[in-house]
Number of protein chains: 2
Amino acid sequence: MTATTHDVQAEILKAIAQETRLSILELLRDGERCVCEIFPAINYEQSNVSRHLNMMQKAGILTRRKDGLKIFYAIKHPEVLEIIDLASAIMKREAGSRHDLMRAI
Amino acid sequence: MTATTHDVQAEILKAIAQETRLSILELLRDGERCVCEIFPAINYEQSNVSRHLNMMQKAGILTRRKDGLKIFYAIKHPEVLEIIDLASAIMKREAGSRHDLMRAI
DNA sequence: ATTCTCTATGAGCGTTTGCGCATACACTAT
DNA sequence: ATAGTGTATGCGCAAACGCTCATAGAGAAT
């Protein structure tokens, strides 16, 4: 029960570190979206997307807003997108160094 | 086989988003360490720590250097620590808003 | 060659994850 | 009340994860 600092950090990062959730977060980069807009866009079952959104909200990185039937989710902390961008930076540099390695052979 | 952008991003972030690995990365913040220094510090089996280090190296976030018997691991990209720090920032803000919620009741 | 130290790997186990299908729930509209 | 739309949840399943114990490799030292 006693959650350590690393437990909480891991919970937040795990909420971001998954293919489907990254697709969702990329959509939410432009602003809030409802489930009905998201799941056709990324081509997954509505239930699956709903679970992912719920999970991210519980992890504290998404907000939830009800409007009639629809429920709109949005990114809560701008740091989430910064984290994704940093991961992209690592990815690109890694791809580059692998190219260098290729060329060296 | 065709790895998408999100697959690679997720692989990098997953390599960070785990309690034990966060402990290891925190140790590596001060510079390179060998397995023999790390596993007693975080109180896990040597084999377990070895696997985590190997996994992070394959994900591209750690470097590996051999020196006699010992093998030294180090953080390869400074962005890794930035990501952890951003997660901390989110964590603190969340903790704050939860306090506000508590006080509001 | 033997022994000692450090690291990696095989095997096994319980838990968690991500997914789809079907169904329940919430709200709106007629 | 009934039907329709949007969202959440129960269930089951295959795969991945994280861990430990035991063992194998690799290199140093005697």
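Convention: sequence-line order gives letters A, B, ...; per-chain numbering from 1.
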A.B. asks: If you compare all heavy atoms of Leu25(A) against all heavy atoms of Leu81(A), which two are closest, and at what distance to 0.1 Å?
C.D. replies: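 In terms of heavy atoms, the two residues are closest at O-CD2, 4.3 Å.
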A.B. asks: Give a yes-or-no answer on whether the side chains of Gln9(B) and Ser88(A) include a donor-acceptor pair shorter than 3.5 Å.
C.D. replies: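 Side-chain D/A pair, Gln9(B) to Ser88(A): present.
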A.B. asks: At under 4.0 Å between heavy atoms, what does Gln18(B) touch on the DNA or RNA strands: base, sugar-phosphate, or nothing?
C.D. replies: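 Sugar-phosphate contact only.
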A.B. asks: May I ask you to decide if Ser47(B)'s main-chain N or O and Glu45(B)'s side chain share a donor-acceptor pair within less than 3.5 Å?
C.D. replies: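 No, because the side chain of Glu45(B) does not come within donor-acceptor range (under 3.5 Å) of the backbone of Ser47(B).
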A.B. asks: Judged by each residue's nearest nucleotide on DNA chain D, which is more toward the 5′ side, Arg64(A) or Lys14(A)?
C.D. replies: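 The 5'-side residue here is Arg64(A).
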A.B. asks: From CE of Met56(A) over to P of dG18(C), roughly how many Å is that when rounded to an integer?
C.D. replies: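 Atom CE in Met56(A) sits about 11 Å away from atom P in dG18(C).
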A.B. asks: Rounded to whole angstroms, how far apart are CD on Glu11(B) and P on dT17(C)?
C.D. replies: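 Atom CD in Glu11(B) sits about 19 Å away from atom P in dT17(C).
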A.B. asks: Between Arg51(B) and Val35(B), who's closer to the 5' end of DNA chain C by nearest nucleotide?
C.D. replies: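 Its nearest nucleotide being more 5', the pick is Val35(B).
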A.B. asks: Is the shortest side-chain N/O distance from Asn48(A) to OP1 or OP2 of dG18(C) below 4.0 Å?
C.D. replies: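 So the side-chain polar atoms of Asn48(A) never come under 4.0 Å of the phosphate oxygens OP1 or OP2 of dG18(C).
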A.B. asks: How close do Arg93(B) and His77(A) get, counting heavy atoms only, and between which atoms?
C.D. replies: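 Heavy atoms of Arg93(B) and His77(A) come nearest at NH1-ND1, 3.0 Å.
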A.B. asks: Under 4.0 Å: is that the gap between some side-chain N or O of Tyr44(A) and OP1 or OP2 of dC19(C)?
C.D. replies: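 Answer yes for this pair, as a side-chain N or O of Tyr44(A) is under 4.0 Å from OP1 or OP2.
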A.B. asks: How close or far is atom C1' of dC19(C) from atom CG of Leu53(A), stated in whole angstroms?
C.D. replies: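 In whole Å, dC19(C) C1' lies 15 Å from Leu53(A) CG.
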A.B. asks: Return the value, rounded to whole Å, for the distance between atom CD of Gln46(A) and atom P of dC21(C).
C.D. replies: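 Nearest whole value for this atom pair: 12 Å.
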A.B. asks: Minimum heavy-atom separation for Leu62(A) to Gln57(A), with atom names?
C.D. replies: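 So the minimum-distance heavy-atom pair works out to O-CG, 3.5 Å.
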A.B. asks: What are the 5'-most and 3'-most nucleotides of DNA chain D lying under 4.0 Å from any heavy atom of chain A?
C.D. replies: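 Footprint of chain A along DNA chain D, 5' to 3': dT5(D) to dC11(D).
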A.B. asks: Which part of the nucleic acid, if any, lies within reach of Tyr73(B) when heavy atoms closer than 4.0 Å are counted: base, sugar-phosphate only, or nothing?
C.D. replies: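 The answer is sugar-phosphate, as Tyr73(B) gets under 4.0 Å only of primed atoms, P, OP1 or OP2.
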A.B. asks: Would you kindly give the CD-to-C1' distance between Glu45(A) and dG20(C), to the nearest whole Å?
C.D. replies: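 After rounding, the reported distance stands at 6 Å.
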A.B. asks: Run the side-chain contact (heavy atoms from CB on, under 4.5 Å) test against Asp67(B) and tell me which residues pass, sequence neighbours left out.
C.D. replies: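 Per chain and number, Asp67(B) pairs via side-chain contact (heavy atoms from CB on, under 4.5 Å) with Arg65(B), Phe72(B).
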A.B. asks: Apply salt bridge (charged side-chain N to carboxylate O under 4.0 Å, His left out) to Lys70(A) and Glu37(A), showing your working.
C.D. replies: CA-CA 10 Å; Lys70(A) 300 184 181 180; Glu37(A) 291 173 300; over 6 Å; no
A.B. asks: Give me the residues of residues 20-34 of chain B where at least one heavy atom lies under 4.0 Å from an atom of DNA chain C, by number, or none.
C.D. replies: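 The answer is Cys34(B).
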A.B. asks: In whole Å, I'd like the distance from the CD atom of Glu19(B) to the C1' atom of dT16(C).
C.D. replies: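 After rounding, the reported distance stands at 12 Å.
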A.B. asks: Mind calculating the distance between CD1 (Ile71(A)) and P (dT28(C)) to the nearest angstrom?
C.D. replies: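 It is 12 Å, rounded to the nearest whole Å.
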A.B. asks: Give me the atom names and distance for the closest heavy-atom approach of Asp30(A) to Arg33(A).
C.D. replies: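 Where Asp30(A) meets Arg33(A) most closely, the heavy atoms are CB-NH2, 3.8 Å.
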A.B. asks: At under 4.0 Å, does any side-chain N or O of Lys66(A) touch on OP1 or OP2 of dC27(C)?
C.D. replies: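 Yes, within the criterion.
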A.B. asks: Of all the heavy-atom pairs spanning Leu13(B) and Ala17(A), show the shortest one and how long it is.
C.D. replies: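 Smallest heavy-atom distance, with atoms named: CB-CB, 3.4 Å.
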A.B. asks: Please lay out, stage by stage, how Asp7(A) and Lys14(A) fare under the test salt bridge (charged side-chain N to carboxylate O under 4.0 Å, His left out).
C.D. replies: CA-CA 10 Å; Asp7(A) 287 330; Lys14(A) 278 178 186 169; over 6 Å; no
A.B. asks: Between dC19(C), dT7(C), dT9(C), which one does the side chain of Asn54(B) approach most closely?
C.D. replies: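 Looking only at side-chain atoms, Asn54(B) lies closest to dT9(C).
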